[in-house]
Colleague: 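My structure is below; once you've seen it, I'll send some questions.
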Number of protein chains: 4
Amino acid sequence: MPSSTSAKRGRPRDAATHQSILDAANQILSDAGYRGFSIEGVAAKAGVSKTSIYRRWPSKGALLLDLYMAGMDGAALADLQHLPIRDAFQRYLSLSVKRLENPFWTNTIQSLVAEAQADPEMADLFRAKVIVPRRESGRILLQRGIDEGQIDSSIDIDIVLDAVFGALWYRLLLGHMPIDQRFANALTDQVFAWIELEQ
Amino acid sequence: MPSSTSAKRGRPRDAATHQSILDAANQILSDAGYRGFSIEGVAAKAGVSKTSIYRRWPSKGALLLDLYMAGMDGAALADLQHLPIRDAFQRYLSLSVKRLENPFWTNTIQSLVAEAQADPEMADLFRAKVIVPRRESGRILLQRGIDEGQIDSSIDIDIVLDAVFGALWYRLLLGHMPIDQRFANALTDQVFAWIELEQ
Amino acid sequence: MPSSTSAKRGRPRDAATHQSILDAANQILSDAGYRGFSIEGVAAKAGVSKTSIYRRWPSKGALLLDLYMAGMDGAALADLQHLPIRDAFQRYLSLSVKRLENPFWTNTIQSLVAEAQADPEMADLFRAKVIVPRRESGRILLQRGIDEGQIDSSIDIDIVLDAVFGALWYRLLLGHMPIDQRFANALTDQVFAWIELEQ
Amino acid sequence: MPSSTSAKRGRPRDAATHQSILDAANQILSDAGYRGFSIEGVAAKAGVSKTSIYRRWPSKGALLLDLYMAGMDGAALADLQHLPIRDAFQRYLSLSVKRLENPFWTNTIQSLVAEAQADPEMADLFRAKVIVPRRESGRILLQRGIDEGQIDSSIDIDIVLDAVFGALWYRLLLGHMPIDQRFANALTDQVFAWIELEQ
DNA sequence: CCGTAAACGAGACGGTACGTCCTGTCTTCTA
DNA sequence: TAGAAGACAGGACGTACCGTCTCGTTTACGG
């Protein structure tokens, strides 16, 4: 009985090819940043044909996004929902700061943003896969804090999310001040001085 | 009597050429965004040789920056320093929102950021000419508010600046939510609920 | 069975592309001469990308050379070796004169020489592909004439070749006098008055 | 009586400027050949403005031609007319060979020819100033030889001139064989074996 | 001895072409 | 069918010169 008609036919995609593309992209991004990042360069470094890249990702941005997703540890973020609010908050910023010590991450994120400025489809994708989920996690967390009486119920949740994530992206993209643990702590302290209810 | 060093020699730059480059760039940026913005295109539309552009601006980013500066109304911003703090704040956000209703401004700023991601020299320039001055104005304003007893002296000024400007840039670059007068008001209200001292 | 080393891999070059480049180059050269001959122009007229030209020919000169070779009829020249010496000689000059009535040929050859003056690599190529082979044919012919007792054995073959070919190139490149059948006949008559043995 | 109405008015041309242009051009030509020869480069090396060059010479070719003329020793050539024919002939070739040992001369002449291939006006000028006068000298010489009964009166003078000068230019422009004293002697010997009357 | 016209350096200007790089698509052969 | 190789049209890059122009500054002559 032939199960799914649209079943796999012909030669299956090679997982090693897939991985060596991601590896090469990762390395180029780490070493040379967005500037030196091209599909052509990735293909060459991976020992892979351009076709094999375009078969998998429709654009440079899509590859960058996968690269970003592949490196994220979803589990770590999921955990946050089960921590006390202030701890979750602190933890999120600390993890972000830690990740951004690796040039791969700064370069990848900057590349994603650069790409999104030029390509509306990419911008949509980026928002849907990266920005919105993060905000939703944040929103759920804040709402829980309000429900549990730890957070001032009069806050404008969207504005708070904009202020917190905004501060982080702002430093990341414009680079006027460093992103380090001091920053993470100061931001946490300031925000909680504002939104936490006195007990 | 201060004699001009390195006096003018040779044929002076043509102001009309200069302007028609800026005009053409402005229009292309307004119509086609970063995607359609190329030195070649600007030269063609301006009826000017590429040389005449490269003579004035070493890179696409430098041109974009001048385009941005030429369009900014410094006077409007200078006024802010003489307004009551909350009004200055409100006014700054309103003006920003208004400006960003014009696609030229969103496209220009997005282009500048995109360019800065790829070119460190451009990033430096952008910070020096755009980011830092704006922050310094904000810092002076906040400090005055503290000195005059209107603003809570325990705030971390840098973090407040990051939160406010960050929120604005965040929406501008990632586009997850609109930038409108509602946003300007909500952000003002929220921030002043936090930092304003009760009288 | 001799397996082909470095076998054909990837998409093969398109013969139509190749031909349309040669055609466009031919036409531009015929119409506008060396002056109006540019890679950019050829690409445009051929409806081909510049890359496709540079992939095949490393320089303008190399393209010109192929253009020249493609138009030469090797067979006609090969025949000369089987004719009586005076006839071969006469025939060669007549064919040359005839060819040079077509502006394509004068323009191509003048272009090749112009290019060779500026580019030593091109000069080498030109000598190897055009000058030397022609001289060798001439040398063989003269030697046969000597061996068969028709030509004075005391001549300096290189000098004779320089004088004959030189006269032709001299008129072609400097243009002080026309290249026509009268010239072909006069040159033949004069040279044979000198080198032919009286029977 | 006011002599020439179009008399000298305004600042006269600076002879030093003139000379430093020729010097710079000479040196660039000697060092870098036609390839590296540009009006811009000459102006820079001479410490002179491009205007000062274009004021004097309408084109690159015209400058090259003047450069050539300035370096020629007319006197030496004039003398030839008073020598016995064979000596004049020999002397002319020897002088040519000697001159061409200096890369300046080969480069200049090759440049002139290259320029003439691309620019018909230049070709006319070159013929009028260089080619024709040389041929006329040769023609007068040959005619004298015939009149004095030293040279075979049945020769076709134009063809002889083409053969002799042609051989020289041929080697110069195509470079398939060296131009040296051996060549000068062999060419003289061969030609006189042909055209000299036995006494 | 003074005004003026031309020469001069500097360099801007509109052009044309260069040769290179990359994009995203395509075509072919091999596995 | 996937995959490697690489051709292809197209677009832009930044550079080099071209020949012309416009400046401000000399400099010799002729009135």
Side-chain angles (χ1 to χ4, degrees), chain A residues 8-14 16-18 37-44 46-60, chain B residues 7-18 36-44 46-56 58-60, chain C residues 6-18 36-44 46-56 58-60, chain D residues 2 7-14 16-18 36-44 46-60:
Chain A
K8 291 134 193 286
R9 303 239 287 143
R11 176 175 173 178
R13 294 224 179 130
D14 186 337
T17 297
H18 199 95
F37 187 79
S38 71
I39 297 283
E40 206 123 274
V42 171
V48 141
S49 68
K50 284 201 289 175
T51 321
S52 291
I53 298 183
Y54 281 111
R55 217 191 308 278
R56 293 173 166 82
W57 296 278
S59 67
K60 218 194 315 197
Chain B
K8 290 142 196 293
R9 308 238 278 140
R11 175 177 178 176
R13 301 246 172 106
D14 187 335
T17 298
H18 199 93
F37 187 79
S38 71
I39 297 282
E40 205 122 275
V42 172
V48 141
S49 68
K50 282 201 287 176
T51 323
S52 290
I53 299 182
Y54 282 113
R55 202 175 287 122
R56 292 172 167 80
S59 66
K60 222 195 300 202
Chain C
S6 73
K8 292 141 194 290
R9 307 240 275 143
R11 176 176 176 176
R13 301 243 171 108
D14 187 336
T17 297
H18 199 94
F37 187 79
S38 71
I39 297 282
E40 206 124 274
V42 173
V48 142
S49 67
K50 282 202 286 176
T51 322
S52 289
I53 298 182
Y54 281 113
R55 201 174 288 123
R56 291 172 167 81
S59 67
K60 221 195 298 203
Chain D
K8 292 136 191 286
R9 302 245 286 146
R11 176 176 176 178
R13 297 229 177 122
D14 187 337
T17 297
H18 199 94
F37 187 79
S38 71
I39 297 283
E40 207 122 277
V42 172
V48 141
S49 67
K50 282 200 290 174
T51 321
S52 291
I53 299 182
Y54 281 112
R55 217 189 311 279
R56 292 171 167 82
W57 297 278
S59 67
K60 218 194 311 199

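Quick note: numbers below take in every heavy atom, side chains included, and nothing from hydrogens, waters or symmetry partners. Each chain gets a letter, A, B and so on, in the order the sequences are listed, and its residues count up from 1. Not measured: the values here are computed from a predicted model.
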Colleague: Please state whether the phosphate of F/dA9, meaning OP1 or OP2, lies under 4.0 angstrom from any side-chain nitrogen or oxygen of C/Arg55.
Modeller: no
Colleague: Using only side-chain N and O atoms of B/Thr17, determine if any of them is under 4.0 Å from OP1 or OP2 of E/dC13.
Modeller: yes
Colleague: Base contacts versus sugar-phosphate-only contacts with protein, heavy atoms under 4.0 Å: please encode nucleotides 22-29 of chain E as B, S and - from 5' to 3'.
Modeller: BBBBBBB-
Colleague: Round to a whole Å and report the spacing from CD1 of A/Ile53 to P of F/dG6.
Modeller: 16 Å
Colleague: Strictly below 4.0 Å: does A/Ser52 bring a side-chain N or O up to OP1 or OP2 of F/dA2?
Modeller: no
Colleague: Examine E/dC13: is either OP1 or OP2 under 4.0 Å from a nitrogen or oxygen in the side chain of B/Arg56? Give yes or no.
Modeller: yes
Colleague: Which sits closer to the 5' end of DNA chain E, B/Arg13 or D/Asp14, going by the nucleotide each is nearest to?
Modeller: D/Asp14
Colleague: What is the distance, rounded to the nearest whole Å, between atom CH2 of D/Trp57 and atom P of E/dA7?
Modeller: 13 Å
Colleague: Using side chain to side chain contact (heavy atoms under 4.5 Å, CB included) as the criterion, list what pairs up with A/Lys60, not counting sequence neighbours.
Modeller: A/Phe37, A/Ile39, A/Glu115
Colleague: Using the test side chain to side chain contact (heavy atoms under 4.5 Å, CB included), find all partners of D/Arg56 that sit at least two apart in sequence or belong to another chain.
Modeller: D/Arg13, D/Thr17, D/His18, D/Ile21, D/Ser52
Colleague: Please identify each residue that fulfils side chain to side chain contact (heavy atoms under 4.5 Å, CB included) with C/Thr51, with sequence neighbours left out.
Modeller: C/Ser49, C/Arg55
